[in-house]
Colleague: 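Sharing a structure with you now.
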Amino acid sequence: MASDSCETPPWLQALNPEQRRAVEATEGPVLVLSGAGTGKTRVLTTRLAHIIASGLAAPWQVLAVTFTNRAAREMKDRLTAMIGPATEQIWLGTFHAVALRMLRRQPDCVALRPNFTVLDADDQLRLLKQIVQDDGLDPKRHSVQGLMAMVQRWKDRGLTPDQVTPEPAEPLPAARLITLYRRYQERLLALNAVDFGDLLLHALTLFKTHPDVLTDHQNRFRYILVDEYQDSNVAQYLWLRLLARPRYNICCVGDDDQAIYSWRGAEVDNILRFEKDFPNARVIRLERNYRSRPHILKAASGLIEHNKNRLGKALFSGVSAGEETPWEESREKKVLVRGVWNDLREAEVVVEEIDSDHLRGRSFNQMAILVRASFQTRMFEERLIVLAIPYRIIGGVRFYERQEIRDAIAYLRVIVQPDDDLAFERILNVPKRGLGPATVRALHVLARAEGGSLQAAAERLLTTPKTARASLRTLMESLAAWRIAATILPPAGLVARVLEESGYTAMLWHAEHTPDAPTRLENLKELVRAVGGFEDLVEFLEHVSLVMEIDPGAEDDRVTLMTLHAAKGLEFDAVFLPGWEEGLFPHQRALDGGGAKALEEERRLAYVGLTRARHKVMISFAANRRVYNQILSAIPSRFLDEIPPDAVERHSDSGVYAGPRRPRRIGT
DNA sequence: AACCCGGAAATTTTT
DNA sequence: TTTCCGGGTT
C-alpha cells in the first residue's frame with residue numbers, strides 16, 4: 001500500500017492531520033463529520049485520487065455518490081485536475097443518476113423495458129390524478145398533491161405497495177391508499193416509466209430480488225464514497241448497506257448540523273446511527289474551519305448549540321480568513337442585524353448595502369442574498385433592477401419545467417418511446433388540431449381494450465375507415481417520419497424540424513396576443529442550442545430528466561439570489577439573510593406541526609446560511625410584510641436571540657420592535 | 001371544440 | 001392579487 005511508503009505522496013501534503021487521516025483510512029467503514037468550510041470536498045476528491053493513485057482500486061471499481069448534480073460536477077472537475085481522464089471511469093454521480101445507470105443495464109429485472117422514461121413531478125401528478133379519478137375519488141376533496149407526497153414518502157423509505165403498513169389517521173382508509181399506490185405503480189410499469197422515487201426503490205428491489213446482480217456490483221465496487229450523508233433517506237441507506245457488503249469499505253461524509261431535507265424523506269438518524277450500523281466504524285471529525293471569519297463562526301456555533309439532537313462538533317478558525325481583500329473593515333467585525341419597517345424597505349436597505357460594497361471595490365460575484373422561500377426574491381429583484389445591479393437567480397422556475405420546453409420534450413419522448421402515453425396525450429392537441437377530449441377518450445377505451453399504448457390505439461383507429469380523422473392521420477404520419485429522421489439527423493436538427501413541422505412554432509408566432517410568446521420562442525431556441533451539445537437523443541432526454549437545469553452561462557459579475565436550501569455547499573464573501581421573522585424563518589409550517597424536530601431543522605437552515613459567508617453577514621427582518629394581498633406583522637426571529645450578543649451589531653429603524661431583552665438602538 | 005366565467009388555491013425547501 | 005382548474009355555454 002502506498003501509505004506505507006516512506007515518501008509522502010504529493011497529494012497528501014496539502015492536508016491538515018485530520019483531513020489526512022480521513023483520506024488514508026481507506027479500509028472499513030469511516031464516517032467523516034465535516035463541519036461547514038472544513039475542506040470536505042478536498043478530502044473527498046483527495047481520497048478518491050489516493051485510492052486510485054496508490055493502486056488500491058481501478059477507477060471503475062470506485063463508486064462515489066453525491067446528492068446534487070452540482071456536487072457531482074464539482075467533484076468530477078476537481079478530480080480531473082488531479083488524476084486526469086481516469087476520472088471518467090469512476091462511477092461518480094448523484095444517487096439518482098447512479099441508480100438509473102444500474103437500472104438501464106438490467107431493466108427487465110424490475111419489469112421495465114429498455115428505453116424506459118423518467119417522469120418528472122408534473123407527469124407524476126397527472127398520472128396519479130388519472131388514477132384517483134378512475135377510482136371515483138374527487139381530486140378536489142383529496143388533494144392529489146397530498147397523496148403524491150404520501151407515495152413519495154413510502155418510496156423514500158424503500159417500501160413497495162406490498163410492504164406499506166397501514167397508518168391510522170389518514171384521510172382515506174389505509175387499504176384504499178395502498179390500492180392507489182399499487183395502481184400507480186402498475187400504471188408506471190405499463191407506461192414503461194419510472195418516477196424519481198422509483199429510481200432508488202427499483203435499484204433497491206433489483207439488489208434484493210437478484211442476488212447475482214448484487215454480487216456483481218459488490219465485487220465491482222471495492223470502495224464507496226458518499227457525500228452529504230446526513231441527507232440520505234432510508235431507501236438510499238438500505239441500498240448502500242447492501243452494496244457495501246462484505247468489505248464495508250464505505251466512507252460517508254456529512255454534517256448533521258446541515259441536515260435540511262427531512263421534508264424530502266432524509267433521515268438525520270442515518271448519520272447519527274452510523275457507528276451502530278457499521279460496527280468498528282472510524283469517526284473522524286473535521287472542525288478546522290478555513291472559510292469564515294471568527295465572528296461569523298461564533299454566531300453560527302452559538303446558534304446551532306440550541307439544537308439538542310446533534311452529534312456535537314465545534315468549529316474553530318483554521319487560519320485568519322482575510323488576507324489582502326477589500327473586505328477588511330472594522331465595522332464588519334460583527335454580524336450586522338437590521339430591523340426595518342417593511343419588506344420594501346428591507347429590499348432597499350440590502351440592495352443599498354450591496355451597492356456601497358460594490359463601490360468599495362467588492363465584486364458582485366461574491367455577494368449572495370439567501371432567502372427562506374423563493375417568493376422573497378421578487379422584491380429584491382425589483383430593487384436590483386432599479387439600481388441597475390446585475391443579478392442571477394438560482395432555482396426559481398427551472399428551464400425544463402417551462403411549458404413550451406416540456407411540450408417540445410414530450411414530442412421527443414413520443415418519438416423515442418412509443419409507449420409513453422403521458423407525452424403522447426400532452427402533444428396530441430398541442431398545437432390544436434381538433435383532437436380534443438372526445439378523441440382522447442376514444443383512444444383510452446381502445447388502448448385499454450387492447451392492452452396497448454395510446455399510439456398503438458391511434459394507429460388502430462386509423463384502420464377503421466369510419467372514425468378515421470384526417471388530423472390524427474397527419475400526426476401519426478409525422479411521427480413516423482420523425483422517427484426515421486431521428487436515425488439520420490443530429491438531435492438538434494431533429495428538434496428544430498419537429499418544432500417546425502408540428503406547427504408548434506407557428507402556433508406561438510401566431511399567438512401575438514399572449515405577451516410571453518416571444519420569450520417562449522426564445523426558450524425554444526435555447527432548447528435547440530442545449531440539444532446541440534448532445535450526439536444522441538436518448539442521452540439528451542436522460543440528461544433532461546436528471547439534471548433539470550440548463551448550463552449556466554459565462555461567469556460574469558452578478559449578485560446571486562437563491563434559497564437557503566440551494567446555497568448549501570457554496571460560499572461567498574458576503575451573505576445577506578433577509579426575512580428573519582417568526583412565521584417566515586422559522587417558517588410557519590415548522591412552527592405549526594413538526595414540533596421540536598421541525599424547529600431544529602429550521603435552525604440548521606439558519607446555520608447553513610450563516611456559514612456560507614467568508615467575511616460579512618447581514619441579517620435583516622421586517623416588522624410588516626406583504627403576503628398575498630394582506631400586510632402581515634411579525635416579530636423578529638427567535639434565532640436572532642440565539643446568536644451570541646457579542647457577535648452581533650444591531651440597528652433597527654425607528655418604531656421597529658427589535659426583539660426581547662436586548663436594548664435596541666434607534667435610527668441610523 | 002373553443003370560449004367564458006367563477007371559485008379556489010397559492011408560497012418552503014428539490015433529486 | 002394572480003393564476004389555474006373545472007364546469008357550463010355557445
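Letters go in sequence order (proteins before strands), and every chain restarts at 1. Nothing here was measured: the structure is a model prediction, and the numbers come from that model.
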Colleague: Check nucleotides 13-15 of chain B against the protein and report each pair of N or O atoms closer than 3.5 Å, with its distance, or say if there are none.
Modeller:
from	atom 1	to	atom 2	distance (Å)
B/dT13	OP1	A/Ser374	N	3.1
B/dT13	OP1	A/Ser374	OG	2.2
B/dT13	O2	A/Trp263	NE1	3.2
B/dT13	O2	A/His565	NE2	3.2
B/dT14	OP1	A/Thr563	OG1	3.3
B/dT14	O4'	A/Arg264	NH1	3.1
B/dT15	O2	A/His96	NE2	3.0

Colleague: Write out a two-atom table: protein N or O, nucleotide N or O from nucleotides 1-6 of chain B, distance below 3.5 Å.
Modeller:
from	atom 1	to	atom 2	distance (Å)
B/dA1	OP1	A/Gly436	N	2.2

Colleague: Whole angstroms only, please: what is the CD-P distance between A/Gln145 and B/dA8?
Modeller: 17 Å
Colleague: Less than 4.0 Å between a side-chain N and a carboxylate O, is that true for A/Glu425 and A/Arg126?
Modeller: no
Colleague: Can you tell whether the side chains of A/Arg604 and A/Glu601 come within less than 4.0 Å, N to carboxylate O?
Modeller: yes
Colleague: Is it true that the NZ or CZ of A/Arg264 lies under 6.0 Å from the centre of A/Tyr261's six-membered ring and within 45 degrees of the ring axis?
Modeller: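 Yes, cation above the ring, under 6.0 Å and within 45°.
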Colleague: Is the count of non-hydrogen atoms from other residues, nucleotides or ligands lying under 6.0 Å from A/Glu382 atom CD greater than 12?
Modeller: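 Counting other residues, nucleotides and ligands, CD of A/Glu382 exceeds 12 neighbours.
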Colleague: Quick one: is the NZ or CZ of A/Arg383 closer than 6.0 Å to the six-membered ring centre of A/Tyr391, and within 45° of its axis?
Modeller: no
Colleague: Grab the CG-P distance between A/Asp343 and B/dT11 for me, whole Å please.
Modeller: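 About 18 Å, once rounded to whole Å.
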Colleague: Quick one: A/Lys129 NZ to C/dC4 P, roughly how many Å, whole number?
Modeller: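 Checked: the NZ to P distance equals 13 Å.
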Colleague: Using side-chain hydrogen bond (donor to acceptor under 3.5 Å, both in side chains) as the criterion, list what pairs up with A/Thr205, not counting sequence neighbours.
Modeller: none
Colleague: Rounded to whole Å, how long is the line connecting atom CG of A/Leu561 with atom P of B/dT12?
Modeller: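 It is 19 Å, rounded to the nearest whole Å.
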Colleague: When you compare B/dT11 with C/dC4, how far apart are their P atoms, in angstrom units rounded to a whole number?
Modeller: 10 Å
Colleague: Starting from C1' on B/dT12, measure out to CG on A/Leu599 and report it in whole angstrom.
Modeller: 15 Å
Colleague: Salt-bridged, A/Arg426 to A/Asp123, with N to O below 4.0 Å?
Modeller: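 No.
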Colleague: Is the A/Phe207 ring parallel, tilted or perpendicular to the A/His217 ring (thresholds 30°, 60°)?
Modeller: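 Ring orientation of A/Phe207 relative to A/His217: tilted.
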Colleague: Rounded to whole angstrom units, what separation is found between the CZ atom of A/Arg378 and the P atom of C/dT1?
Modeller: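 After rounding, the reported distance stands at 13 Å.
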